[in-house]
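Step one of this worksheet: look at the structure below.
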Amino acid sequence: MLAPASPPDFAIEARGLDKTYRAQGKGEAVHALKTIDLAIPRGSFFGLLGPNGAGKSTFINILGGLVVKSGGTARIWGHDIDADPMNARGAIGIVPQELNMDPFFSPQETLEIQAGYYGVPKAERKTEEILKAVGLWDKRDAYARTLSGGMKRRLLVAKAMVHSPPVLVLDEPTAGVDVELRRQLWDYVRGLHAQGVTIVLTTHYLEEAQALCDTIAIINHGNVIACEPTSNLIGRLDRKTLVVTPCDEIHPPLNGFEDVTFAMRNTGAFALTYKTSEHSVEELLDRVRRAGVTIKDLSIEEPDLEDVFVELTA
Ligand code: ADP
Ligand code: MG
């Protein structure tokens, strides 16, 4: 099959993708993906979020050919994974959730073998460049089994990039990686993204997803329950909190706040959580003054991805 003439709008496009793991032994069948549609825009830094068991790895492993889907279609860089598996697989690099690697090969050997597997000619290999980029050039000759968890994780990222795929997928890449190494990993991945690589990331760290991803899908019990730009997603919660520090100690309940959520903070401040569609800051501040409170300081807290996530997956 011919490669598409121009780059596709979507780096990954799944239509009606379905997966049931068949019952084994006494276990029951698991409907892990429920006929999902998911389109990942080319060039995006895409977050795939969901609680444990939501189906994230199943989705990614179908793309990587490790799990056989039960129904639907998937395209990677325009190549159908059934009709054109070679090109589909060549367009994607996957960093798996599990740290599985051959313990007896060094990082350098690991990358050379992987490049050979993808048919990258010797002259076009970028082993040195990639190992330097992930901070493993010093360790190029060490046995993989002597590497720390963080180093192994970075070696897997390096391994996923040997064939220079336009799409890089990272399945929970920072689980168990310390803060400093996480920062290094993200610097590298951000650099790839800046060069045009589409990044797909699953993570438990919502703060990380909020900081890195421009588009986020939330998956729960095998269903995609949201997929939109990160800012829209956060804007979905029509809710803010006005935190007021009074000059003098107050004694709740204060009158006139029955229609918003009132809460004391242990700093002596009080918090008014309100719907932005129903109340304005102006109006609330008026009411605060009318309640006889002199304002020493105030701030407004906006919901974050964590709040949206909790609300959507509750
Ligand atoms: P996530 O990556 O979001 O945590 P998974 O895709 O790993 O979720 O799992 C989705 C569901 O499928 C879970 O209920 C999980 O137990 C089940 N599952 C995953 N892999 C297998 C498998 N090989 N055999 C049977 N069930 C599986
Ligand atoms: Mg997983």
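One-based numbering, in listed order, for ligands and for the atoms of each.
- Of the protein's non-hydrogen atoms, the one nearest atom 14 (O) of ligand 1 is V30 CG1, 3.6 Å.
- Within the 2.8 Å limit, Q97 places at least one N, O or S atom next to the Mg ion (ligand 2).
- Between F262 and F270, the two ring planes are parallel [angle under 30°; tilted spans 30° to 60°].
- When L237, L49, I225 are each tested for a side chain to side chain contact (heavy atoms under 4.5 Å, CB included) with L312, only one passes: I225.
- Taking a cut-off of under 4.0 Å to the non-hydrogen atoms of P51, the atoms of ligand 1 that pass are 3 (O).
- Between R182 and E208 a salt bridge is recorded (basic side-chain N to carboxylate O distance below 4.0 Å).
- Put simply, S57 gets within reach of the Mg ion (ligand 2), with an N, O or S atom under 2.8 Å from it.
- The protein atom (non-hydrogen) at minimum distance from atom 11 (C) of ligand 1 is G53 O, 3.7 Å.
- Protein heavy atom nearest atom 18 (N) of ligand 1, with residue, atom name and distance: Y21 CE1, 3.4 Å.
- The atoms of ligand 1 that sit less than 4.0 Å from any heavy atom of T58 are 5 (P), 6 (O), 9 (O), 10 (C).
- Between T313 and N220, the side chains place no donor N or O within less than 3.5 Å of an acceptor N or O (distance only, hydrogens not considered).
- Per-atom contact check: atom 22 (C) of ligand 1 touches the protein, criterion being a heavy-atom distance below 4.0 Å.
- Residue-ligand proximity, N52 to ligand 1, at heavy-atom distances under 4.0 Å covers atoms 4 (O).
- Within the 4.0 Å heavy-atom shell around ligand 1 one does not find G50.
- Atom 5 (P) of ligand 1 lies below 4.0 Å from at least one non-hydrogen atom of the protein.
- Of all protein heavy atoms, the one closest to atom 8 (O) of ligand 1 is G55 N, 3.2 Å.
- Closest to atom 7 (O) of ligand 1 among all protein heavy atoms lies S57 CB, 3.8 Å.
- For the pair R183 and W186, the NZ or CZ position fails the cation-pi test of under 6.0 Å to the six-membered ring centre and within 45 degrees of the ring normal.
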